[in-house]
A.B. asks: 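First the structure, which I've put down as structure tokens, then a few questions once you've had a look.
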Amino acid sequence: MADLLIYLALLLIWAMLLYHAFLMLGGYFHALKYRNFKRELNLPIEDYPKVTILIPAHNEEMVIEQTMQSMIRLDYPKEKLEVLVINDNSSDLTGQIINSYAQEYPFIRAIHIRPPHGGKGKSGALNHGLKDATGEIVAVYDADNTPEPEAIRNLALGLMVDKQAGAIVGKFRVINANRNLLTRLINIETLAFQWLAQAGRWFWFKMTTIPGTNFVIRKSILDELGGWDEKALSEDTELSIRVYNLGYYIRFFPEAITWEQEPENIRVWWRQRTRWARGNEYVVMKYLFSIHKLKHKKVIIDIFYFLFTYFLFFSGVIISHVIFIVNLFYDLELSIGYVSYVLLITGFLLFVTEICLALSIERKQLTTKNFFIILLMYFTYSQMWIFLVVYAAFIELKRVLFNQEVKWYKTQRFKQLEQKTHSA
């Protein structure tokens, strides 16, 4: 029995490792090609569309000032720009800061929502802002984001010249990457995620997931879909599935860059990532049993990917860990023997190679210091995800069984010292 379980676990783990290696190769190829795509784009300035930027903001006084400044610096015709900042039931100075900018700059508007309509989370705030949006395309930024001046112009350009694209997704970088070890780990994780899962999936399958920030989408699509799903904790992933189901694709366009703040302590990281994991598990359960109703079957690739990531792969890792620990104290008479050590070491080297390849794409990221952090990452940060996914599954299962209301956790912000206006 132990033999059967360990072989099953290794099959699941190695299937994911090889798939990620395949995606990382695609991400690297995309990095070599996307600048050529950008050079071929041409759109007269008078043909740029009106863009509505939605910024949901709940108790964001620590960071909203820098975000507003970045909106002012955007290199986009201001007469074609509409920035709607949705003050979602804040109890701090967020509303006053937004009002001061709205009074000074005509293209900025403050929207204040209170209960019973306010305080329901990001999706609710976005849907509220969408009602007032008048732009042909809609962009979304989190309240801690400082997009580079040309970010919106690049996103709008990508969408206007590509009629098959329903949305264009940019790249995000970590503004507080050097604050401590945790933010350095997150910085490496985010870079790897974007070049592996986003760029790689785009290169091979013409698929990308809408993130929570730094993307544009056609307003006509949002109207047709009825906006964001307010029950989804990962409203971005859920929206991606519905956009694909309409027959559009979502393009990853790393020329559009924003800088965002990441958690600076474990407690905030745990709560934020638990929300993400629960949100993705919700998406899997929402669509898994109704796949036959989806019009465009290509989206099954993504649903199965999330199913594999959050249920099958982590199950394999947990099984292998349990067998390893039990075998230390009680001989399970495993037949796999030394082969398991070879697979373990090879898997580790494959992980390190993938991450290093992702960092090599970004200037000054593949450093000696980051290399040693990657070695540490495999045995620490990656292992924390196992416990987190199990915990998230337990919370989500409890919510479903007891029909509990979805509660949005808003990520805590930290005083932001760094400012970035252009990418490294």
Side-chain angles (χ1 to χ4, degrees), residues 12-34 165 167-174 185-215 234-241 243-244 249-258 260 262 272-273 275-277 279-281 283-284 287 298-314 316-317 347 350-362 365 374 377-378 381-382 385-386 388-389 392:
L12 293 171
I13 293 168
W14 269 89
M16 179 62 89
L17 285 173
L18 293 174
Y19 183 58
H20 277 177
F22 173 69
L23 290 182
M24 191 59 248
L25 272 180
Y28 189 75
F29 292 149
H30 183 60
L32 297 177
K33 292 179 62 177
Y34 79 90
I168 302 287
V169 169
K171 185 174 69 175
F172 62 91
R173 295 289 308 273
V174 178
L185 287 164
I186 295 172
N187 177 54
I188 292 171
E189 176 199 22
T190 55
L191 290 174
F193 164 75
Q194 290 179 99
W195 287 112
L196 186 153
Q198 295 286 69
R201 278 160 60 234
W202 167 254
F203 184 83
W204 295 117
F205 307 119
K206 294 291 179 285
M207 299 188 80
T208 296
T209 301
I210 292 174
T213 187
N214 198 31
F215 71 92
S234 289
E235 80 293 336
D236 35 20
T237 305
E238 198 281 335
L239 180 63
S240 304
I241 301 289
V243 170
Y244 281 117
Y249 57 59
I250 301 167
R251 178 185 287 275
F252 179 61
F253 193 25
E255 282 283 286
I257 299 167
T258 191
E260 71 174 20
E262 294 292 347
Q272 183 198 55
R273 303 308 169 95
R275 172 167 60 81
W276 291 3
N280 288 330
E281 288 164 357
V283 170
V284 171
Y287 291 103
K298 184 177 175 180
V299 76
I300 294 174
I301 295 174
D302 258 13
I303 294 172
F304 188 73
Y305 177 69
F306 288 120
L307 172 70
F308 204 93
T309 301
Y310 286 96
F311 294 95
L312 302 179
F313 169 70
F314 279 105
V317 173
L350 188 57
F351 170 85
V352 172
T353 303
E354 287 172 6
I355 305 298
C356 286
L357 190 57
L359 296 196
S360 71
I361 298 171
E362 299 283 348
Q365 290 299 312
I374 293 170
M377 189 176 191
Y378 185 84
Y381 190 80
S382 300
W385 265 102
I386 299 169
L388 187 143
V389 169

A.B. asks: List in chain and number order the residues that pass side-chain hydrogen bond (donor to acceptor under 3.5 Å, both in side chains) with Y381, two or more places apart in sequence or in another chain; answer none if no residue qualifies.
C.D. replies: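 For Y381 the side-chain hydrogen bond (donor to acceptor under 3.5 Å, both in side chains) partners, ignoring immediate neighbours, are E189, W269, R273.
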
A.B. asks: If every non-hydrogen atom of G212 is compared with every non-hydrogen atom of E235, which pair is closest and at what distance?
C.D. replies: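 For G212 versus E235, the nearest heavy atoms are CA-OE2, 4.2 Å.
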
A.B. asks: Determine, using ring centers only, whether Y34 and F252 are less than 6.0 Å apart.
C.D. replies: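 That pair fails the under 6.0 Å test.
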
A.B. asks: Distance-only, no hydrogens or angles: does the D302 side chain make a donor-acceptor pair with backbone N or O of I241 under 3.5 Å?
C.D. replies: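 Judged by distance alone, no pair lies under 3.5 Å.
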
A.B. asks: With a 6.0 Å cut-off (strictly less than), is the heavy-atom count around NZ of K33, excluding the residue itself, greater than 12?
C.D. replies: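 Result for NZ/K33: open.
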
A.B. asks: Taking E262 as the fixed residue, which of T190, N187, L185 is the one that meets the side-chain contact (heavy atoms from CB on, under 4.5 Å) rule?
C.D. replies: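 Output: one option passes, namely T190.
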
A.B. asks: Testing the basics here: between A199 and G27, what is the closest heavy-atom pair and its distance to 0.1 Å?
C.D. replies: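 In terms of heavy atoms, the two residues are closest at CB-CA, 3.8 Å.
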
A.B. asks: If you count every heavy atom of other residues, nucleotides or ligands that lies below 6.0 Å from Y287 atom OH, does the total exceed 12?
C.D. replies: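 Above 12, so yes.
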
A.B. asks: Evaluate the ring planes of W202 and Y249, with Trp represented by its six-membered ring, and classify them as parallel (under 30°), tilted (30 to 60°) or perpendicular (over 60°).
C.D. replies: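 Because their plane-to-plane angle is over 60°, the rings of W202 and Y249 count as perpendicular.
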
A.B. asks: Determine whether a donor-acceptor pair (N or O, by modelled atom type, separation under 3.5 Å) exists between the side chain of S240 and the backbone of I210.
C.D. replies: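 Checking the backbone N and O of I210 against the side chain of S240, a donor-acceptor pair under 3.5 Å is found.
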
A.B. asks: Could you tell me whether a side-chain N or O of T309 sits under 3.5 Å from a main-chain N or O of F306, the two making a donor and an acceptor?
C.D. replies: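 Judged by distance alone, no pair lies under 3.5 Å.
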
A.B. asks: Considering residues at least two apart in sequence or located in another chain, which fulfil the side-chain hydrogen bond (donor to acceptor under 3.5 Å, both in side chains) criterion with T258?
C.D. replies: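 Testing T258 for side-chain hydrogen bond (donor to acceptor under 3.5 Å, both in side chains), a comparison that skips the adjacent residues, returns N145.
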
A.B. asks: Using modelled atom types only, decide if a donor and an acceptor are shared between the side chain of E238 and the backbone of V283 within a distance under 3.5 Å.
C.D. replies: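 Such a contact is absent between E238 side chain and V283 backbone.
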
